[in-house]
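Computation of the quantities below employed the complete heavy-atom set of this structure, encompassing side-chain atoms and omitting hydrogens, waters and symmetry-equivalent molecules. As the structure is a prediction and not an experimental result, all values here were calculated from the model.
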Amino acid sequence: QMQLVESGGGLVEAGGSLRLSCAASGRTFSSKAMGWFRQIPGKERDFVAGISGGGGSTNYADSVKGRFTISRDNAKSMVYLQMNSLKPEDTAVYYCAAARSSYPSSVSRVYDYWGQGTQVTVSS
């Protein structure tokens, strides 16, 4: 079992930055890829970024490449999403997720554990 708790969401103006954090419990954290997804009401949950278990491989949605950076600290069982140059279309609930394997897939069904989500709102 693994529990994930996100933090760091909030309201920011367009062009601003936010850093999301995800605290994980469980002994197998470093063996699991971690991902960030986002969802707006009435839409499916979309992949944002993923990072391999060891942290050496990352994967980003085209819409956030060059603006967002995913990282992890396995010693602290933490994963982060640094979001820069935020746009109003980045507004969503952001979810942290842990995958079954070490590969940072963009497919949500391979992620077994999910946090409760944190709201990010970007004003224009």
Looking at S57, is its backbone amide N or carbonyl O close enough to the side chain of S52 to form a donor-acceptor pair, meaning the two atoms are under 3.5 Å apart?
yes

Taking only Lys NZ, Arg NE, NH1 and NH2, and the carboxylate oxygens of Asp or Glu, determine whether D90 and R67 approach each other closer than 4.0 Å.
yes

For residues V120 and T91, determine if any side-chain heavy atom of one lies less than 4.5 Å from a side-chain heavy atom of the other.
no

Do L18 and L86 have side-chain heavy atoms sitting under 4.5 Å apart?
yes

Between F37 and W114, ring centroids under 6.0 Å
yes

Exam field: side chain Q82 to backbone T69, donor-acceptor pair closer than 3.5 Å:
no

Is any side-chain heavy atom of L20 closer than 4.5 Å to one of M83?
yes

Establish, for the pair R100 and Y111, whether the NZ or CZ atom is under 6.0 angstrom from the six-membered ring centre and no further than 45 degrees off its axis.
no

Residue pair Y80 / I70, side-chain heavy-atom distance below 4.5 Å:
no

Side-chain donor/acceptor of T118 to backbone N/O of G9, under 3.5 Å
yes

Checking the side chain of N59 only, and the main-chain atoms of P104 only, is there a donor and an acceptor separated by less than 3.5 Å?
yes

How about Q3: does its CD atom have over 12 heavy atoms from other parts shown lying under 6.0 Å from it?
no

Less than 6.0 angstrom separating the ring centers of Y60 and F47, yes or no?
no

Compute both the distance and the angle, then confirm whether R72 meets the cation-pi test with F29: under 6.0 Å from the six-membered ring centre, within 45 degrees of the axis.
yes

